Amino acid sequence: MMKPSIPKGTRDFLPEQSLKRAYIFDTIKATFIKYGFQPIETPAMENLQVLTGKYGEEGDKLLFKVLNNGDFLSKADSSALESKDSIALIPSISKRGLRYDLTVPFARFVVMNRNDIQLPFKRYQIQPVWRADRPQKGRYQEFYQCDADVVGSESLLYEAELVQIYDEVFSALGIEVTISINNRKVLSGIAEVAGIQDKFMDMTIAIDKLDKIGIEGVRNEMAAKGIEKEAIDTVVSILDAGDDIDKISEILTSSETGMKGVDEIKHAVNFANITNELTTKVQFDPTLARGLDYYTGCILEVKANHVQMGSIGGGGRYDDLTGAFGMDGIPGVGISFGAERIYDVMEELGLFPKELSQNKLAIFLSNDIESLSTAFEWCTKLRRSGVHVDIYPEAAKMKKQFKYANDCGFTFALIIGESERKSGQVSVKNMTSGDQSQMSYDELLQLLTAC
RNA sequence: GUGGCCAUAGCUCAGUUGGUUAGAGCGUCGGAUUGUGGUUCCGAAGGUCGGGGGUUCGAGACCCCUUGGUCACCCCA
């Protein structure tokens with residue numbers, strides 16, 4: 001007999017966990033719908049060529065590839081096979097891969113279904129994605145993303161809506177968060193002013209780590225990438241301005257791109273706060289970069305306050321995501337919720353409502369085979385009246401049935417035996433208080449309906 | 001992909017410089033109680049010590065490999 005196991009980085013969810021997860025998904029989904037986003041679904045598997053090259057070199061390594069069916073070895077690239085060159089071998093033995101995120105499949109979706117959607121197209125999507133990353137705290141190989149994206153418009157109003165969605169969802173879940181905002185154009189501006197446009201990515205990756213490795217760490221990292229000390233000094237002096245966007249604006253005056261970025265941030269934030277009702281602080285953070293290199297405009301990131309946890313949401317604007325699939329000039333902007341991490345944060349802070357796990361109201365217990373039949377009749381009638389009620393499936397020992405009722409967390413045990421059948425009444429025991437009383441069907445219906 | 005720590009009953013963990021038949025608590029099952037759980041008492045079952053190889057008269061313990069977990073790095077939700 002084999003020992004059962006599940007692949008690393010994956011998890012089973014017990015009923016209580018599933019209920020909590022559904023609570024998160026439902027909250028997010030309800031908000032997406034309220035803001036006019038429409039649901040779509042895409043396959044768990046995509047053709048590998050749709051996925052490869054979209055997430056950088058690192059991303060390609062983290063893609064799960066699906067082995068071809070049939071006699072795949074006979075069609076394998078024999079020279080790659082002989083030289084044991086795994087990467088070169090892949091295309092000949094795998095034509096499909098598991099979805100790595102929801103954005104790239106969405107881009108593919110937009111291109112393929114362009115005749116059936118209206119631009120601007122607002123879609124939301126809540127589905128699992130897979131990454132062959134090494135698991136660690138808050139990081140799994142299979143996890144859900146909850147994305148909302150709009151394609152087909154450059155309006156900053158959408159950035160504002162997405163900020164409002166973040167604000168609304170996290171308020172509803174009771175999580176105190178900080179929303180950070182930056183703009184890729186501001187980062188370009190910084191590189192421009194420092195004269196290191198050619199080292200833009202290196203600079204970006206370095207300053208993104210500021211809160212982790214400190215200002216000296218950032219200096220070292222940039223120096224290691226061959227950036228001149230003078231340029232480093234310029235970059236650091238800009239970062240010194242911190243969240244003071246006006247100060248950054250002054251420094252970036254000479255960069256047209258940089259100024260545009262500053263302008264976009266201001267507009268988006270003002271729009272988002274148009275009724276002055278945001279619960280969450282939206283903070284400008286010039287060091288926010290985010291990895292995905294397809295972002296071109298505003299970048300958003302959400303972190304929970306008071307908890308040691310990576311970002312629980314992120315997003316941004318991309319000018320041309322569909323270009324890779326032969327459809328140029330379709331801009332978009334989107335956000336993602338990291339449901340798994342939101343779960344962990346809520347668990348850590350005790351934010352889940354208690355009612356989630358207490359949905360078991362009443363269960364019929366019966367003393368003999370004839371009573372079981374009566375109990376099932378009552379049970380069926382109650383269910384048809386909309387009452388949430390269950391029944392123990394056999395006339396087992398009372399001790400066993402009560403233990404089951406207790407262990408499952410039922411509030412009421414409804415006992416039917418010979419005496420109850422004769423009187424036409426059911427014995428109702430409150431499992432919390434231990435009180436027990438007799439009541440008619442109508443009284444029982446009333447009691448359970450009121451709960 | 002790189003590195004640190006860990007793996008003993010269903011769960012949480014003991015297990016002495018390597019030495020007889022590997023233990024505890026909780027949980028499970030049975031009984032005390034043939035119509036009453038949650039409390040109490042009594043009893044029982046439950047282990048290829050993650051897997052493979054090695055050192056040794058002897059390995060749960062030491063060494064190597066491997067799988068998984070965990071944490072950090074890279075990257076990321």
Side-chain angles (χ1 to χ4, degrees), chain A residues 1-11 14 24 28 55-63 86-87 99-103 126-147 201 204-206 208-209 212-213 217 221 289-293 300-304 308-316 334-345 363 365-368 371 375 392 395-421 426-436 438:
Chain A
M1 166 110 87
M2 68 159 290
K3 203 175 183 179
S5 64
I6 55 174
K8 76 168 166 191
T10 66
R11 295 150 300 158
L14 289 163
I24 293 172
I28 293 170
Y55 308 104
E57 202 181 319
E58 198 67 28
D60 282 355
K61 285 190 216 158
L62 301 182
L63 279 175
S86 304
I87 294 178
R99 182 168 57 212
Y100 180 88
D101 73 355
L102 300 179
T103 309
I126 298 176
Q127 289 191 286
V129 303
W130 295 267
R131 295 182 188 179
D133 213 350
R134 188 176 289 206
Q136 54 178 276
K137 189 178 174 67
R139 180 185 289 190
Y140 308 94
Q141 292 203 340
E142 178 185 64
F143 62 98
Y144 272 73
Q145 283 193 335
C146 314
D147 278 24
M201 279 311 288
T204 300
I205 290 169
D208 190 36
K209 295 179 189 167
K212 213 176 217 171
I213 60 179
E221 182 115 355
R290 294 191 57 76
L292 299 171
D293 30 314
L300 293 167
E301 185 162 275
V302 186
K303 280 192 165 173
Q308 190 59 47
M309 177 74 71
S311 69
I312 55 176
I335 54 170
S336 181
F337 287 83
E340 322 292 336
R341 286 186 180 176
I342 292 172
Y343 181 101
D344 290 345
V345 167
I363 183 167
L365 313 180
S366 53
N367 196 33
D368 54 70
S371 303
Y392 196 86
K397 279 184 188 170
M398 272 300 153
K399 182 185 168 77
K400 189 172 180 182
Q401 298 188 59
F402 268 98
K403 185 164 164 46
Y404 180 80
N406 188 63
D407 292 347
C408 292
F410 284 98
T411 309
F412 296 106
L414 315 172
I415 306 106
I416 293 191
E418 197 182 346
S419 58
E420 282 83 358
R421 269 188 286 123
V426 63
S427 294
V428 178
K429 176 165 180 170
N430 183 313
M431 297 297 284
T432 312
S433 65
D435 297 340
Q436 190 167 326
Q438 306 262 313

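It should be emphasised that the depicted structure is a prediction, and the values quoted were computed from it without experimental measurement. The chains referred to below are lettered A, B, ... by the order of the sequence lines, with proteins before strands, and numbering in each begins at 1.
- Residues of residues 396-406 of chain A that place a heavy atom closer than 4.0 Å to RNA chain B, in numerical order, are A/Lys397, A/Met398, A/Lys399, A/Phe402, A/Lys403, A/Asn406.
- Taking A/Ser336 as the reference, A/Asp147 meet the side chain to side chain donor-acceptor pair (under 3.5 Å) condition, with sequence neighbours excluded.
- Nucleotides B/G47 and B/A24 have their C1' atoms positioned 15 Å apart, rounded to a whole Å.
- Applying the side chain to side chain donor-acceptor pair (under 3.5 Å) rule to A/Asp368 yields the partners A/Ser371, A/Arg421; only residues at least two apart in sequence or on another chain are considered.
- No side-chain donor from either of A/Thr10 and A/Glu142 sits under 3.5 Å from a side-chain acceptor of the other.
- Using a 4.0 Å heavy-atom criterion, one finds that A/Gln136 contacts the bases of the nucleic acid, with or without backbone contacts as well.
- Contacts of A/Gly9 with the nucleic acid, taken as non-hydrogen atoms under 4.0 Å apart, involve only primed sugar atoms and P, OP1 or OP2.
- Counting heavy atoms from C-beta outward, A/Asn367 and A/Ile415 have side chains that stay 4.5 Å or more apart.
- In this view, A/Arg99 satisfies the salt bridge (charged side-chain N to carboxylate O under 4.0 Å, His left out) rule with no residue, not counting sequence neighbours.
- In RNA chain B, the stems built from three or more successive Watson-Crick or G-U pairs (distances below 3.5 Å) are B:1-7 with B:67-73, B:10-13 with B:23-26, B:28-32 with B:40-44, B:50-54 with B:62-66.
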Name the pairs: protein N/O against N/O of nucleotides 41-44 of chain B, kept only if under 3.5 Å.
none

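- Comparing the P positions of B/G23 and B/G60 gives a spacing of 14 Å, expressed to the nearest Å.
- Residue A/Asp133 places its side chain closer to B/C75 than to any other of B/G37, B/C75, B/G35.
- The side chain to side chain donor-acceptor pair (under 3.5 Å) check on A/Gln401 picks up nothing, with sequence neighbours excluded.
- A/Asp133 places no side-chain N or O within donor-acceptor distance of the main-chain N or O of A/Pro135, the cut-off being under 3.5 Å.
- Between A/Tyr55 and A/Asp101, the side chains place a donor N or O and an acceptor N or O closer than 3.5 Å (distance only, hydrogens not considered).
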Give each protein N/O atom lying under 3.5 Å from an N/O atom of nucleotides 3-9 of chain B, with the pair distance.
from, atom 1, to, atom 2, distance (Å)
B/G3, O6, A/Arg134, NH1, 3.0

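- As rounded to the nearest Å, B/C75 and B/U17 have P atoms that lie 44 Å from one another.
- Rounded to a whole Å, the NZ atom of A/Lys8 is 15 Å from the C1' atom of B/G50.
- Nearest-nucleotide assignment on RNA chain B puts the 5′-proximal partner with A/Ala132, out of A/Glu418 and A/Ala132.
- Using a 4.0 Å heavy-atom cutoff across all strands shown, A/Ile335 reaches no nucleic acid atom at all.
- Side chain A/Thr432 to base B/G38: no donor-acceptor pair is found below 3.5 Å.
- Between the CG atom of A/Leu14 and the P atom of B/C11 there is a distance of 13 Å, given to the nearest Å.
- Rounded to whole Å, atom C1' of B/G35 lies 10 Å from atom NZ of A/Lys429.
- Picking from B/A77, B/C74, B/A72 the nucleotide with the shortest atom distance to the side chain of A/Lys209 gives B/C74.
- Using atom C1' as the reference point in both B/C64 and B/U56, the two lie 16 Å apart (nearest Å).
- Taking A/Arg11 as the reference, A/Glu340 meet the salt bridge (charged side-chain N to carboxylate O under 4.0 Å, His left out) condition, with sequence neighbours excluded.
- We find that the ring of A/Phe143 and the base of B/A77 stack, their centres lying under 5.5 angstrom apart and their planes tilted less than 30°.
- Between the CD atom of A/Gln141 and the P atom of B/G1 there is a distance of 10 Å, given to the nearest Å.
- Taking atom CG of residue A/Asp407 and atom P of nucleotide B/G27, one finds them 11 Å apart after rounding to whole Å.
- A heavy-atom distance below 4.5 Å is not found between the side chains of A/Cys146 and A/Gln127.
- B/U55 and B/U28 have their C1' atoms separated by 40 Å, given to the nearest Å.
- For B/G35, the base has a donor-acceptor partner in the side chain of A/Glu420 [N/O atoms by modelled type, under 3.5 angstrom].
- Qualifying salt bridge (charged side-chain N to carboxylate O under 4.0 Å, His left out) partners for A/Lys429, counting only residues two or more places apart in sequence or in other chains: none.
- Among the protein residues, A/Lys61 comes within range of no part of the nucleic acid, since none of its heavy atoms lies under 4.0 Å from any strand.
- Spacing between B/G50 and B/U12 at atom P, rounded to whole Å, works out to 14 Å.
- Going from atom CD of A/Glu301 over to atom C1' of B/A77 covers 10 Å, rounded to whole Å.
- Contact check for A/Tyr100 versus A/Trp130: no side-chain heavy atoms found under the 4.5 Å cut-off.
- With both ends at atom P, the span from B/G3 to B/C65 equals 11 Å, rounded to whole Å.
- Between A/Glu58 atom CD and B/C76 atom P the separation is 8 Å, expressed in whole Å.
- Counting distance only, with no hydrogens placed and no angle test, the side-chain atoms of A/Arg139 and the base atoms of B/C71 include no donor-acceptor pair under 3.5 Å.
- Where A/Ser311 and A/Ile6 meet RNA chain B, the nucleotide closest to each residue was compared, and A/Ile6 sits on the side nearer the 5' end.
- With sequence neighbours left out, the salt bridge (charged side-chain N to carboxylate O under 4.0 Å, His left out) criterion links A/Glu221 to A/Lys209.
- A salt bridge (Lys or Arg N to Asp or Glu O under 4.0 Å) check over residues 407-416 of chain A, counting only residues at least two apart or in different chains, returns the pairs A/Lys403-A/Asp407.
- Separation of the P atoms belonging to B/C73 and B/C63 is 28 Å when rounded to the nearest angstrom.
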